[in-house]
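What follows is one structure encoded as C-alpha cells, with my remarks underneath.
The figures here come from the full heavy-atom set of this structure, side chains too, leaving out hydrogens, waters and symmetry mates. Naming: A, B, ... by sequence-line order, numbering from 1 per chain.
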2 protein chains.
Amino acid sequence: MTDDDTEEQPIQPGSSGPGLSERPPRRPLDQALIVREAVDFIDENGREQLTMRRLGARLGVEAMALYRYLPGREALLDCVVEALMDELYDATMTGEYGSSWQEYLQQLAHSVRELALAHPRIFPLVASRPPAAPWLRPPLRSLRWVEEFLTGLARHGFNDADSVLAYRTFSTFLLGHLLLESTAMSGESISPEDDELPTPDHQDLSEYPRLLRLEGPLTQNAFAEEFDDALEDLIRRIEISRS
Amino acid sequence: MTDDDTEEQPIQPGSSGPGLSERPPRRPLDQALIVREAVDFIDENGREQLTMRRLGARLGVEAMALYRYLPGREALLDCVVEALMDELYDATMTGEYGSSWQEYLQQLAHSVRELALAHPRIFPLVASRPPAAPWLRPPLRSLRWVEEFLTGLARHGFNDADSVLAYRTFSTFLLGHLLLESTAMSGESISPEDDELPTPDHQDLSEYPRLLRLEGPLTQNAFAEEFDDALEDLIRRIEISRS
DNA sequence: ACCTGAACACCGTTCAAGT
DNA sequence: ACCTGAACACCGTTCAAGT
C-alpha cells in the first residue's frame, strides 16, 4: 500500500537501447533544473511520491548528488513553492496592470486560479507550508509578491490601511476557494472539465435522507461561478469599506 | 535535522522506578484510545513527528500492535480528523439551535473556529486530507455533518438550492480563515493571545520599501475581527441572494 | 486474544572515497 | 568539481511466533 506504482522496472544494464541513451536525461545538474523536475514530478505523481531517491533517478543521478544543490528535502519543497510564485509573476507581469483596482484584483485573482488549476497537486503546498513569517499569507507567499500587491493597490490610490486590509481579505478569499478546488481536482479526475463530481457508494447515503435528495445539486461542479461571484462580492466589500 | 527531539532516553530496564510503574501507561488498547493519543501527540509535537513507532511507544506497546486496531497510518490520520469532527459535534449539539439561521451560522462558525484554535496543528489535516467525496468540503467533512448542516438550515426555512449554496460559501469561508489562522498559530507561539505576529530578520526587508513601512499594520494580529467581519458579510450575502 | 521479533523494502542524510 | 558506495538512523508494514 505504500508503493502502488513503484514497479521495479528491471532495465537491463549494458544495452543502451534504441539509438541515443535515453534512460537518464543527464542534462548538467543545476538547482533550477532539479526544481523544475520536482515540479513536473509532483504534477504527475503527487507530492507523497516525491522522494530524493526517485527524483535523482529521474535526473539520471543518485539521490546524494542533489545535496550539492539543495540542503535537503524541505528546502526542495520550499523551492517548488517559490517556483510557482515565480511562474505567477511571469504570468501576471506580461499583461497590463488594469485600468482600475477592481480590474487589477480581477486579473490577479484569475491568474492565481489558473496557476492553482495548472498545478492542483502542488497548490496545497503553497497553501499549507509554514510561511517565513505568519503575516506572509498564502497563496501570495513571498516578500516580493506582497510588495507587488501593495504597490499595485497604492498605484490605484489605496492608502496604507486599506491596502493591508485588502491584502488580508484577498488572501483569505483565494486560499479558501483555490485550496478547495485544487484538492477536488487532484482527485485523479479523468476529464478536468467535467461538471459532475464523482459520487461515493450510493449505499452509504441511505442514512442521510437530505444528502440523498440533494445529491444532484451537491455533486454539481460550480467552482468557476462560485469563484467569480465571491470575487465580485469581495470587490464590492472593499469598495464600501474604503468610502 | 530529521530528529531534533528523539533523545534516546536510556530507561534502565529492570527498575520500575518510583512507586507505580509509570513509563508506559498501558491502559488496555483500543481504537478510540489510540486515536485520542494520536490527537494529543500531534497537538504536542506536530503531525510530522507522528510515527507509528513513536505512538506505540507512548502507549507502552510496539508499533505493530497498532495494526490490530487500524489498517495503517493513513487510516489513523483519517480517524484523527473524524475525532475532531466528533468533538465539534459534541460542542455544538449541547447548545441551542439558535433562534434564527443567522444565529445558527454564527454559533457554528465560532464553534469551528474554537476547534481550529484548540488544535492548530491538526486543523490543516481537516483542511487538506482528500475527502471521501469532493463535494464533502472541509472543514465540515463528514456525511453526518453535511446532513446536519443542511437540516439546520431547512429547519430555518431554507429551500434545497439555498441550503446547498450556503453550504458552499460557508465552507469556503471557514476553510480560508481558519487554515490561515491555525497555521499562523502553530508557529510555536509562546503566548497564543499575543497580538503581535513574529517578524522575520529586519535586514531582509530592506529591498521592499512598502513592506518596511507597513510592517506595523501587517504584523498586527487581527484574525478575530477579520473572522467576525467576514462572517457578518457572508451572512448578509446569503440574506440578499435568498430574497 | 493480543502482542512481539525479525525481516523487508523503503526513507533522508552524511561522508569518505572515487573520477 | 562533481558524483557515488557504503553506512546510519530511521520509516511503515507483514507475518510467523510467542504468551
* Mind calculating the distance between CD (E48(A)) and P (dC11(D)) to the nearest angstrom? => 17 Å

* To do: Could you tell me the separation between the CG atom of L77(B) and the P atom of dC11(D), rounded to a whole number of Å?
  => 15 Å

* **Per M64(A) side chain, nearest of listed nucleotides dC3(D), dG5(C), dT14(C)** => dT14(C)

* Short side-chain to backbone donor-acceptor contact, Y69(A) and L33(A), under 3.5 Å -> no

* Asked: Sequence neighbours excluded, which residues qualify as side chain to side chain contact (heavy atoms under 4.5 Å, CB included) partners of R73(B)?
  -> L50(B), M52(B), L77(B)

* L29(B) CG - dT19(D) P separation (whole Å) -> 20 Å

* **Nearest-angstrom distance from the residue atom CD of E74(B) to P of dG12(D)** => 10 Å

* So, is R73(A) near the phosphate of dG12(C), with a side-chain N or O under 4.0 Å from OP1 or OP2? -> yes

* Look at the side-chain N and O atoms of R54(B) and state whether any lies under 4.0 Å from the OP1 or OP2 oxygen of dC10(D). => no

* Asked: Expressed in angstrom and rounded to an integer, what is the separation of Y67(B) atom OH from dA17(D) atom P?
  -> 21 Å

* Tell me, what's DNA chain D's dot-bracket, Watson-Crick or G-U with both distances under 3.5 Å, | for other-strand, [ ] crossing? -> ||.|||||...|||||.||

* To do: Apply salt bridge (charged side-chain N to carboxylate O under 4.0 Å, His left out) to the pair R144(A) and D86(A), showing each step before the final yes or no.
  => CA-CA 10 Å; R144(A) 185 168 72 144; D86(A) 291 349; 3.0 Å; yes

* Y69(B) OH - dT13(D) P separation (whole Å) -> 17 Å

* Should the pair R54(A)-E44(A) be classified as a salt bridge under the 4.0 Å nitrogen-to-oxygen rule? -> no

* To do: Send over the distance from E62(A) CD to dC2(D) C1', rounded to a whole Å.
  => 13 Å

* Side-chain (E196(B)) to main-chain (T219(B)) donor-acceptor, under 3.5 angstrom -> no

* To do: Please tell me if the side chains of S182(B) and P124(B) come closer than 4.5 Å, counting only heavy atoms from C-beta onward.
  => yes

* To do: May I ask you to verify if any side-chain N or O of T51(B) is less than 4.0 angstrom from the OP1 or OP2 atom of dG12(D)?
  => yes

* Asked: Of R53(B) and L66(A), whose nearest nucleotide on DNA chain D comes first from the 5' end?
  -> L66(A)

* To do: Rounded to the nearest angstrom, tell me the gap between atom CE in M52(A) and atom C1' in dC8(D).
  => 17 Å

* Asked: Mind checking whether F170(A) and F149(A) have parallel, tilted or perpendicular rings, split at 30° and 60°?
  -> parallel

